[in-house]
Amino acid sequence: MSAALRRGALAAFAAASLLALSACGDGGKDGKQPSAAPSGGPATGSAAPAPGAPGKDEGARPLTAGQAEAALLTPGDLPSGWEVNKDIPAYDVGASGMQFGKADKAACQPLLDVFVGADNGPKAQAHAMTDLKQAGDTGIQMTQGVTSYQEAEAVRIMQQKIDFGACGTFKAKGADGTTDEAAGSELKVPALGDGARGARVVFAATEEGVSIQHDIAAVRVGGTVVTVSQASFTTADTAAFESALRKAVEKVQQAQKKAGGKG
């Protein structure tokens with residue numbers, strides 16, 4: 001799957017939805033369009049404690065491709081109103097498919113890598129991902145990944161340094177050659193699994209006239225990194241985001257127990 005395709009599809013949907021809302025007079029009592037997602041700014045909270053304590057979950061086996069695929073979220077795992085996003089073609093490109101693009105600042109590239117998508121990162125033993133969307137005019141989309149490694153490599157991924165202070169503003173170049181202004185900040189996420197981290201990346205207004213906010217969470221379960229990225233252009237659905245993250249971690253914990261090692 002291509003993150004550039006995801007971003008393009010979201011922007012197009014957002015523009016169409018805003019036009020529909022305007023035509024129907026639903027943009028607010030004052031006739032204004034719904035406001036764009038808030039920009040990054042200061043960190044919204046501290047991340048969960050760093051994972052990888054000595055001796056914890058030693059020997060957890062990586063998931064197989066089949067186990068990773070089976071652990072993905074489905075619409076039935078989420079509140080009513082979610083469905084598979086058939087607008088996004090399924091390309092088997094591995095964990096790099098989670099990546100949003102290339103940052104003009106090296107310090108900000110980890111934000112676009114969504115923790116597991118780095119070009120020079122550890123080789124995943126198994127990777128699966130899915131795209132879901134909320135029905136109706138919200139335009140909210142969610143990408144979930146299950147990426148399994150040797151456990152020591154998963155620990156290193158979760159402990160990678162991200163200089164949020166250097167990424168208040170930066171440029172992100174997509175695979176399609178377009179460049180967007182972006183802003184990154186830390187995002188507080190539920191303390192789950194063997195360690196959790198969060199980040200927010202906001203892409204400034206596109207040529208369609210909307211900004212796109214990506215709330216990203218990564219949770220380590222043994223040697224597997226669970227990622228959930230929610231994209232929105234009006235108001236993020238924090239409850240759905242956190243509910244999806246909890247369910248995704250639960251499914252991977254069950255899969256990890258079958259694979260061997262603590263979940």
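Because the structure is a prediction, the values reported are computed rather than measured. Values reported hereafter were calculated over all heavy atoms of this structure, with side chains retained and with hydrogens, waters and symmetry mates removed.
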At what distance, to the nearest 0.5 angstrom, does [atom1] of [X] lie from [atom2] of [Y]?
{"X": "L192", "Y": "R246", "atom1": "CG", "atom2": "CZ", "result": "5.0 Å"}
{"X": "M158", "Y": "Y149", "atom1": "CE", "atom2": "OH", "result": "11.0 Å"}
{"X": "M142", "Y": "D215", "atom1": "CE", "atom2": "CG", "result": "10.0 Å"}
{"X": "S229", "Y": "F241", "atom1": "OG", "atom2": "CZ", "result": "7.5 Å"}
{"X": "Q144", "Y": "L245", "atom1": "CD", "atom2": "CG", "result": "9.0 Å"}

Do any N or O atoms from the side chain of [X] and from the backbone of [Y] form a donor-acceptor pair under 3.5 angstrom?
{"X": "Q125", "Y": "S148", "answer": "no"}
{"X": "D194", "Y": "G222", "answer": "yes"}
{"X": "Q109", "Y": "A106", "answer": "no"}
{"X": "E69", "Y": "A128", "answer": "no"}

### Query
Any idea how H214 and F203 line up, ring-wise: parallel (<30°), tilted (30 to 60°), or perpendicular (>60°)?
perpendicular

### Query
What pairs with T74 under side-chain contact (heavy atoms from CB on, under 4.5 Å), at least two apart in sequence or on another chain?
D77, K251

### Task
Could you tell me which residues satisfy side-chain contact (heavy atoms from CB on, under 4.5 Å) with A255, sequence neighbours excluded, listed by chain and number?
L63, A71

### Summary
side-chain hydrogen bond (donor to acceptor under 3.5 Å, both in side chains) with E151: of R61, R220, R156, only one passes, and it is R220

### Task
Before giving the answer on side chain to side chain contact (heavy atoms under 4.5 Å, CB included), spell out for D180 and F170 the whole-Å C-alpha distance, their side-chain angles and the decisive distance to 0.1 Å.
CA-CA 9 Å; D180 298 316; F170 64 100; over 6 Å; no

Run the salt bridge (charged side-chain N to carboxylate O under 4.0 Å, His left out) test against [X] and tell me which residues pass, sequence neighbours left out.
{"X": "K105", "result": "none"}
{"X": "D113", "result": "none"}
{"X": "E181", "result": "K171"}
{"X": "E250", "result": "K247"}

Min side-chain heavy-atom separation [X]-[Y] under 4.5 Å:
{"X": "K133", "Y": "I140", "result": "no"}
{"X": "I162", "Y": "F115", "result": "yes"}
{"X": "T130", "Y": "T143", "result": "no"}
{"X": "R197", "Y": "L187", "result": "no"}
{"X": "V249", "Y": "V221", "result": "yes"}

Quick check: closest heavy atoms across [X] and [Y], and the distance to 0.1 Å?
{"X": "V116", "Y": "M98", "result": "CG2-CG, 3.9 Å"}
{"X": "Q67", "Y": "P62", "result": "OE1-O, 4.5 Å"}
{"X": "A103", "Y": "L112", "result": "N-CD1, 3.5 Å"}
{"X": "Q213", "Y": "A236", "result": "NE2-CB, 3.7 Å"}
{"X": "C167", "Y": "L111", "result": "CB-CD1, 3.7 Å"}
{"X": "V189", "Y": "A217", "result": "CG1-CB, 3.8 Å"}

#### Entry: Distance-only side-chain donor-acceptor flag, D237 / Q134, under 3.5 Å
yes

### Message
Please determine whether side chain to side chain contact (heavy atoms under 4.5 Å, CB included) holds for the pair V84 and D131, giving the CA-CA distance in whole Å, both sets of side-chain angles, and the decisive distance to 0.1 Å.
### Response
CA-CA 6 Å; V84 173; D131 285 284; over 6 Å; no

### Query
Taking it one step at a time, do T147 and T224 satisfy side chain to side chain contact (heavy atoms under 4.5 Å, CB included)?
CA-CA 6 Å; T147 313; T224 299; 5.9 Å; no

#### Entry: Derivation of the side chain to side chain contact (heavy atoms under 4.5 Å, CB included) call for L132 and Q141
CA-CA 6 Å; L132 303 164; Q141 300 184 21; over 6 Å; no

